[in-house]
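To start, the structure itself, in structure tokens.
Numbers for residues simply follow the sequence, beginning at 1. Computation of the quantities below employed the complete heavy-atom set of this structure, encompassing side-chain atoms and omitting hydrogens, waters and symmetry-equivalent molecules.
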Amino acid sequence: MMDRQWMGRMLSYAHKEKLWRRGSRILAAVSGGPDSLGLLLFLDSIREKEGIEVGCCCVDHHIRKESGEEADYVGKICLERKIPFYRRDVDVKGAQKGGESIETIARDLRYKALRDVKEKEHYDVIATAHHADDQAETVLFHFLRGSGAKGLSGISPKRDDLIRPFLCARKKEIEDFLKDFPYEPCHDPTNDIPDVTRNKLRLLLIPELLSYNPNLVETLSRTSGILREEDHFLEEEAQKAAKRSVKG
């Protein structure tokens, strides 16, 4: 049975962060993995109650041979649930030049494709499935590279045309939510290899740090929120000071 308490917490978070309003048209970025599939099904479950419209965009990067089948699978789910579906294909390997990482290229092409669909199909925002575990990983990533408040504030729940409704949820909670549906999420085996920095953080460092603080994810998420509020406050005060002091 669907966890109404968890659903309520997700909605409270969305309302607090003003992620949408009645009448909003939301384009969900879905790969078929558990996080994004959970996001799609969550938005579909609340669309009548919240008065929102939901569409789905799946971007096939053509990096793995299974990606085409996964995009087809997402399309099939959308067809069953009467969700508008948009598929976009990008050539990540063909766009790779110099020393730029394939992950960076894939991300840039993915967001470009998502925004193209958003504009052409007249959606208001793009929803991504970033969650609290991603937030912890991002804060650690910036900390290890050396960063100020802006970097350590991590992922914002809303920025420009992007919203992250699951940023207060743990990955395990999303996986539990999925159990109420007859869909098996896709699995990307490259996420299980500690080769790039992000994977090393998730697979090696964070499990070790959890032995020191079992509430590490919640702690880092809370810290990122505090730093985000402080950074926002300082930015506002700087703008006020500039208006008072600068002419011309």
Side-chain angles (χ1 to χ4, degrees), residues 1-58 74 77-78 81-86 110-111 114-115 117-118 121-139 153-181 183 185 217-233:
M1 178 181 252
M2 197 174 292
D3 189 337
R4 298 295 175 186
Q5 184 176 359
W6 183 79
M7 294 276 288
R9 183 159 64 86
M10 295 303 102
L11 286 176
S12 294
Y13 178 77
H15 296 160
K16 173 177 172 286
E17 298 295 343
K18 298 180 174 60
L19 300 188
W20 59 69
R21 61 181 184 276
R22 296 193 74 82
S24 291
R25 304 190 75 234
I26 302 172
L27 182 67
V30 182
S31 66
D35 305 338
S36 63
L37 183 57
L39 174 67
L40 177 67
L41 296 172
F42 169 75
L43 292 173
D44 184 47
S45 298
I46 65 167
R47 60 177 170 173
E48 186 174 339
K49 172 183 172 63
E50 292 291 293
I52 58 176
E53 295 181 44
V54 179
C56 170
C57 182
C58 184
V74 174
I77 294 173
C78 288
R81 304 186 71 87
K82 297 181 173 58
I83 301 171
F85 175 71
Y86 312 94
R110 178 169 63 255
Y111 278 107
L114 288 167
R115 288 191 166 106
V117 172
K118 169 183 166 281
E121 303 296 335
H122 307 291
Y123 285 90
D124 298 304
V125 290
I126 298 166
T128 68
H130 294 92
H131 46 71
D133 296 75
D134 292 322
Q135 182 73 286
E137 178 186 313
T138 299
V139 172
S153 64
I155 306 168
S156 175
K158 184 176 183 179
R159 194 176 92 176
D160 301 326
D161 58 352
L162 299 174
I163 61 172
R164 284 93 177 202
F166 277 173
L167 208 54
C168 68
R170 294 295 306 271
K171 182 177 181 65
K172 178 65 165 56
E173 293 177 308
I174 301 170
E175 293 172 343
D176 289 342
F177 169 73
L178 269 178
K179 293 176 182 177
D180 289 322
F181 300 89
Y183 307 116
V217 171
E218 291 82 1
T219 300
L220 290 176
S221 293
R222 185 170 60 253
T223 300
S224 70
I226 294 170
L227 289 171
R228 186 163 52 250
E229 289 180 5
E230 290 181 351
D231 184 61
H232 181 67
F233 172 76

task: Go through M7 and M10 one step at a time and tell me if the side chain to side chain contact (heavy atoms under 4.5 Å, CB included) criterion holds.
output: CA-CA 5 Å; M7 294 276 288; M10 295 303 102; 5.7 Å; no
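- Under the salt bridge (charged side-chain N to carboxylate O under 4.0 Å, His left out) criterion, the residue pairs touching residues 9-24 are R9-E173, with sequence neighbours excluded.
- Formation of a donor-acceptor pair under 3.5 Å by the R164 side chain with backbone atoms of S156 is found in this model.
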task: Run the numbers on L40 and I83 for side chain to side chain contact (heavy atoms under 4.5 Å, CB included), then give the verdict.
output: CA-CA 9 Å; L40 177 67; I83 301 171; 4.0 Å; yes
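- The line from CD1 of I77 to CG of L41 is 6.5 Å long, rounded to the nearest 0.5 Å.
- Between F42 and F166, the ring planes are tilted. Angles from 30° to 60° get that label.
- Of all non-hydrogen atoms in P157 and Y13, the two that sit nearest each other are CB-OH, 3.1 Å.
- H232 NE2: 12 or fewer foreign heavy atoms inside a 6.0 Å radius.
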query: After noting the C-alpha distance and the side-chain angles of L43 and R47, does the key distance pass the side chain to side chain contact (heavy atoms under 4.5 Å, CB included) rule?
result: CA-CA 6 Å; L43 292 173; R47 60 177 170 173; over 6 Å; no
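- Separation of atoms CH2 (W20) and CD (E53) is listed at 14.0 Å; rounding is to 0.5 Å.
- Under the 4.0 Å criterion applied to side-chain N and carboxylate O atoms, D44 and R81 are assigned as salt-bridge partners.
- Distance CG/L167 to OG/S221: 7.0 Å, rounded to 0.5 Å.
- Between W6 and F177, the two ring planes are tilted [angle within 30° to 60°].
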query: Stepwise, does the side chain to side chain contact (heavy atoms under 4.5 Å, CB included) test hold for Y111 with D161?
result: CA-CA 11 Å; Y111 278 107; D161 58 352; over 6 Å; no
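- At a threshold of 4.5 Å between non-hydrogen side-chain atoms, the residues V139 and T223 do not count as touching.
- Distance check, rounded to the nearest 0.5 Å: CG of L27 to OH of Y86 gives 7.0 Å.
- A donor-acceptor distance shorter than 3.5 angstrom exists from the side chain of S36 to the backbone of S31, with no hydrogens or angles considered.
- Rounded to the nearest 0.5 Å, atoms CD1 (I46) and CG (L11) are 5.0 Å apart.
- Distance CG/L39 to CD1/I163: 8.0 Å, rounded to 0.5 Å.
- Under the salt bridge (charged side-chain N to carboxylate O under 4.0 Å, His left out) criterion, the residue pairs touching residues 217-229 are R170-E218, with sequence neighbours excluded.
- Here the side chains of R115 and I126 are in contact, with some heavy-atom distance below 4.5 Å.
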